[in-house]
Amino acid sequence: MSVVRANTYFLVALTGAITFLIFWFAQDENWRRPSAAWPETILYGIAIFSVILLVQGLMLKRKDEIFSEGSKVRILLACIALLAWSLLVHTLGFVVGSVLAFTLMAFYVAKVEKKVSPEAAVDMTKGKAGFWLVMIWVEILILYYVFSEVLLVPLPEGLFF
Amino acid sequence: MDLMLQGLIGILTFNTLFLVVIGTVIGLVIGTIPGLTATMALALLVPFTFVMDPLDGLVMLGAVYTASMYGGAFTAILINTPGTPGAIATMLDGHPMAAKGEAERAIIGATVASVFGGVVGFIALLFLAPVLSLFALKFGPPEYFWVAVLGLALIAGLSTGSVIKGLLGGAIGMLMGTIGISPVGGEARFLFGTPQLQGGVELIVALIGLFAVPEYIRLMATAERVVKFDGESKSASFIKTAKEVLLKPINIIRSSIIGVIIGLIPGAGNNVAGLLAYSEAKRASKHPEEFGNGSMDGLIASESSNNAAVPGSMVPLLTLGVPGSPPAAVLFGALMMHGLTPGTRLFTESGVLTYGFIFSLGLAALALLPVGVIFGRLIYRSVTKVPLGFLIPSIAMMTILGAYSMRNSMTDVFIMVGVGIFGYIMRNFGVSPATIALGLILGPIAEQGFAQAMLIGSSYDYPFLVLLQSPLSMTLAVIVAITLAGPFVMKAVKAKKAKKANSKNAVKE
């Protein structure tokens, strides 16, 4: 996997500039002074820090390694998986959505772990896979019961439950 | 004194002690799970105490509250995610200790420091409540503003590498804190066409995003654990670690006192206490460079102060009838339900019950020692033995559940995912998520204090001078100035000394 290097001072300055622009134009001129003063002050602070970081970036010209922990594909996959899981829970309901997402992720991680650190990984037999499936259902149903029945938090129902 | 003794005798029964242990276990479980809060646990338990003897009910609620504050340390140490906002500073050194194979030492250290802090807070509540309540009354908007600024000064200490990056992170956190209804003017700010954002970014939701999501992404990307339980992990002796903690008396006493003082201030809470005590411990340490890399001093400061803040927060509640935090508000309701009216006459009219409740907080603090160590070791072994294929999806599911359960809202889940991915990216760019969290926690406190102070001072020619009007606000402003200037002065002094030493060496040669 290729190493990505970048000037992080520039990147943080860019993030600050984008944040500044998004929030600056989202301000409403009808806000009264007590409500407008605080965010405005913070935005000025963000602008100043971004400029300082930009100057620091120009002076240092240092490039740091970014996203260096593990596989970049799996970083992206992790972000997509979390978003997809949330959408599944929203549309299918907590139990059905979670069982689907949990099962896919569990077996995918087990497969990856087998490649990355075979000594620590689980040897997945048919019996073990069956046991895992049962345990996934048990864990999700226990959490569903605790949250919806004991803690009285009505979990998303979606199409199913 | 008679009432105090009767209160003590009242709770020394098998039934009450059993309830303390049960309450402690419930509190630990609640505190361990990010997204489940002490407020939620107390609110759910209050109806169960209807059928109980008033003292038993209050004892159980007190134990749950105390233990839930401490339970947040476990996840902070083991999976780099604070179970409660008060455990943010615990995470900064607790997790690096666990990563070095010293998870047990960190858990025992956190437990001993929590017990010490809890006992100090209990003693302060028992003997100094009326005096402390007068002190709490001195805190007005200018003082709140300075306390928040003092906390924000910590950003420089939390930044790894560039201080400016840390300050920008803090400012972004503060900006996130302005989303929703303005606390002073009442206008809806930065909704971006999403009415659900009127309630603002819920703190716990953002914390789950900032700390748990990056850890989940890192685990998924590497498919390797940071905290292991194998031949390389060092098992820690309880006595040795307890001695190590207690042999740092200045740090633990100072942090506990900070916890009590911050606990007294309604609205400040134990998250601010932990961060301030951490900052002070770092400033006073001979080895500040060790902070953030697994320093026992950092862990002690955070845990002793956030647990001392729990009894501290009871002072304004019991003496003035002012609930200073959401859990205290629930306890306020519970006290009223059992026929106790918090306020000045509480100690004389219902002294036995009130002192019984106070003693139960002390007992709960002590109960943390056996229950916490056993529970902590159990969680450590479980977390490290669960197959990775099970652990990663479990963390992902808990982030979704935790975020959703705050307000039963899927919007919060999507906010959590967004904040989490943003936090991960920022971490890679060298901005510590802790600085963003700090801005989010302290920004609204600072804004409210500042705006209210300006309204108070609007009749003056220079309204901002109201920020320096009282001796207490002036003292706080001086502490802020010292905190901010301190590192630069120390750096300059060190550089001067090094220069002198170099020139002397050159002359000798």
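Just so it is clear: chains get the letters A, B, ... in the order the sequence lines come, proteins before strands, and each one is counted from 1.
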Measuring only between side-chain heavy atoms, which start at C-beta, is [X] closer than 4.5 Å to [Y]?
X	Y	answer
L87(A)	F414(B)	yes
L155(A)	L401(B)	yes
V109(A)	F390(B)	no
M105(A)	M220(B)	yes
Y424(B)	I75(A)	yes
E224(B)	V116(A)	yes

Between chain A and each of [options], count heavy-atom pairs under 4.5 Å; write down the option with the most.
options	answer
L219(B), I172(B), I217(B)	I217(B)
G185(B), A171(B), P393(B), G389(B)	P393(B)
L168(B), L191(B), T178(B), L455(B)	L168(B)
M454(B), M416(B), M426(B)	M426(B)
V184(B), I179(B), N408(B)	N408(B)
G186(B), A451(B), G443(B)	G443(B)

| request: Measure centre to centre between the rings of Y404(B) and F147(A), then say whether the value is under 6.0 Å. | output: no

| said: Would you say the ring centers of F10(A) and F429(B) fall short of 6.0 Å from each other? | reply: no

In Å and rounded to the nearest 0.5 Å, what is the [atom1] to [atom2] distance from [X] to [Y]?
X	Y	atom1	atom2	value
T399(B)	L82(A)	OG1	CG	5.0 Å
I400(B)	L83(A)	CD1	CG	9.5 Å
I181(B)	S35(A)	CD1	OG	9.5 Å
L143(A)	M397(B)	CG	CE	4.5 Å
E69(A)	R427(B)	CD	CZ	5.5 Å
L175(B)	F23(A)	CG	CZ	4.5 Å

| Within residues 60-68 of chain A, residues adjacent to chain B where the heavy-atom gap is under 4.5 Å | I66(A), F67(A), S68(A)

Taking [options] one by one, which has the highest count of heavy-atom pairs under 4.5 Å against chain B?
options	result
Y108(A), W132(A), F107(A)	W132(A)
T15(A), L76(A), T41(A)	T15(A)
A6(A), S117(A), P154(A)	P154(A)
S98(A), A110(A), S86(A), A37(A)	S86(A)
L53(A), T19(A), V122(A)	L53(A)
A78(A), S50(A), A101(A)	A78(A)

| query | Do you know which two heavy atoms are closest between T222(B) and G70(A), and how far apart they sit? | reply |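 Minimum heavy-atom contact is CG2-N, 3.7 Å.
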
| remark: For P39(A) and R189(B), the nearest pair of non-hydrogen atoms, with its separation, is CD-NH1, 3.6 Å

